[in-house]
There are 2 protein chains.
Amino acid sequence: MTDDQNTKPHHHGDLRSALIQAGIALLSEGGKDSLTLRKCAARAGVSHAAPAHHFDGISGLRGAIAQEGFRLFRLSMLNASGTENQSELDHLKAICSGYLNFAIDNPALFDLIFSSAPMEGLESNLKSGTAFSYDVLRKACAPFVQPGQDPMIIETQVWSLIHGYTHLYMASRFGRIDLSHQARGPFDQVVSLLDALVVSNATKA
Amino acid sequence: MTDDQNTKPHHHGDLRSALIQAGIALLSEGGKDSLTLRKCAARAGVSHAAPAHHFDGISGLRGAIAQEGFRLFRLSMLNASGTENQSELDHLKAICSGYLNFAIDNPALFDLIFSSAPMEGLESNLKSGTAFSYDVLRKACAPFVQPGQDPMIIETQVWSLIHGYTHLYMASRFGRIDLSHQARGPFDQVVSLLDALVVSNATKA
DNA sequence: CAGCTGACTTGACAGTGTCAAGTTGATCTG
DNA sequence: CAGATCAACTTGACACTGTCAAGTCAGCTG
């Protein structure tokens with residue numbers, strides 16, 4: 001696969017990232033149950049116990065994959081907020097759209113990075129990854145924060161709304177809808193609840 | 001569920017529901033990874049292959065457990081909406097509180113019933129179970145629906161908000177908070193976004 | 001009573017994560 | 001250049017998982 005003949009440091013070269021990429025590919029192809037230490041090892045062309053030297057078991061691999069997943073997740077949000085000349089509300093909604101896009105494009109990876117199971121190992125690295133993603137949302141929420149108000153409140157409101165919609169959408173709870181960017185359910189109508197942030201802003205100002 | 005209670009069919013008596021209860025107990029004690037066909041069988045006092053006669057493999061058992069989980073989930077929401085003399089908004093917020101309570105009390109079961117993996121088998125039974133739970137939310141949302149408006153919009157807004165908050169809360173995304181009914185994070189401040197439903201109602205009326 | 005059917009058991013198999021011990025090859029030291 | 005070192009990786013084993021095939025056994029039907 002990624003074997004380079006010229007610079008082979010040891011046996012494989014960069015097994016760690018090869019295993020992470022193999023894991024993401026497995027998630028993408030076969031869902032979360034397809035993510036397996038042995039399958040990752042096989043796909044990277046090494047023996048079944050090789051990953052143990054780079055991750056602390058399967059949970060360590062999952063943590064490392066989640067870290068990479070958060071990087072892609074952040075890129076999806078940033079990518080969706082393309083145009084510059086848009087209102088702050090439209091910008092926030094675009095971020096939310098990127099949030100949903102990532103889940104649609106990477107269902108199993110989205111599931112993994114928001115898995116209830118707290119990630120063992122790499123806790124600090126993973127936390128920095130999540131914080132890096134969270135900053136995207138935080139910046140988009142900043143214009144709606146009242147003076148003297150804790151920004152966390154609006155951030156949590158927005159995050160809960162878009163995360164809940166995305167999670168329920170992926171679980172097919174809004175009826176049987178095909179998962180694509182075109183048919184994304186009542187997304188626009190749901191995020192219109194965020195219009196209240198502006199109204200509240202105007203009335204109080 | 002559809003088994004006859006009075007007559008002992010053969011050897012065990014009511015193995016099917018015994019397996020479901022064993023599964024819920026396992027989820028409660030050891031998390032989602034503890035739910036195992038063989039452990040359920042052992043806890044019910046039967047051989048490891050006995051469950052195959054009552055469920056279609058592990059996914060069938062998970063579906064049956066989810067069905068029972070939705071029943072308990074509905075009860076948690078109804079139980080939280082106790083007092084009668086409260087505003088419609090407070091009633092809706094109380095339902096949301098019951099939503100969160102259920103997840104706090106049954107983390108792994110909450111995870112299971114909203115698992116992204118579509119449940120195989122029992123699809124129709126499970127769907128009726130979810131619909132039964134959804135009715136609680138629907139009724140609480142009804143007073144806020146505008147004439148001529150699709151009720152699904154408000155329902156999805158509310159559901160997304162409370163589900164997202166609950167899911168993120170359970171994933172410990174709002175910092176490290178101990179999971180209890182007393183310390184439930186910024187729950188009240190987040191659901192206050194639903195005040196906009198009343199404001200919108202008043203302005204348009 | 002003979003036979004049948006459904007509930008359950010027993011045994012096997014492939015796949016999984018994890019551990020212990022062995023092998024290999026790049027680099028370092030003299 | 002020769003030998004030592006040591007991380008990277010392999011090999012083999014173990015317990016555990018889901019699933020399948022065949023066997024056992026109780027109670028019912030004819």
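All values reported here derive from a predicted model rather than from experimental measurement. The chains referred to below are lettered A, B, ... by the order of the sequence lines, with proteins before strands, and numbering in each begins at 1.
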(message) Minimum heavy-atom separation for B:Cys40 and B:Leu61, please, with both atom names.
(response) SG-CD2, 3.8 Å

(request) Classify the side-chain pair B:Tyr134/B:Trp159 by whether it contains a donor and acceptor separated by less than 3.5 Å. (result) no

(message) Suppose we screen for ring-ring contact (aromatic ring centres under 6.0 Å, His included). Which residues come up paired with B:Phe110, at least two apart in sequence or across chains?
(response) B:Phe114, B:His163

What is the distance, to the nearest angstrom, from the [atom1] atom on [X] to the [atom2] atom on [N]?
| X | N | atom1 | atom2 | value |
| --- | --- | --- | --- | --- |
| A:Phe55 | D:dC9 | CZ | P | 11 Å |
| B:Leu19 | C:dC8 | CG | C1' | 12 Å |
| A:Arg43 | C:dG15 | CZ | P | 16 Å |
| B:Asp33 | C:dT18 | CG | P | 11 Å |

(message) Could you check whether B:Phe174 and B:Tyr165 have their ring centres less than 6.0 Å apart?
(response) yes

(request) Look up atom CD in B:Glu155 and atom NZ in B:Lys139, then write down how far apart they are to the nearest 0.5 Å. (result) 11.0 Å

(message) Would you compute the distance between atom CZ of B:Arg74 and atom OG1 of B:Thr130 and round it to the nearest 0.5 angstrom?
(response) 12.5 Å

(message) I need a per-nucleotide contact map over nucleotides 16-24 of chain D, read 5' to 3'. Cutoff is protein heavy atoms under 4.0 Å; write B for the base, S for backbone only, - otherwise.
(response) -BBBB----

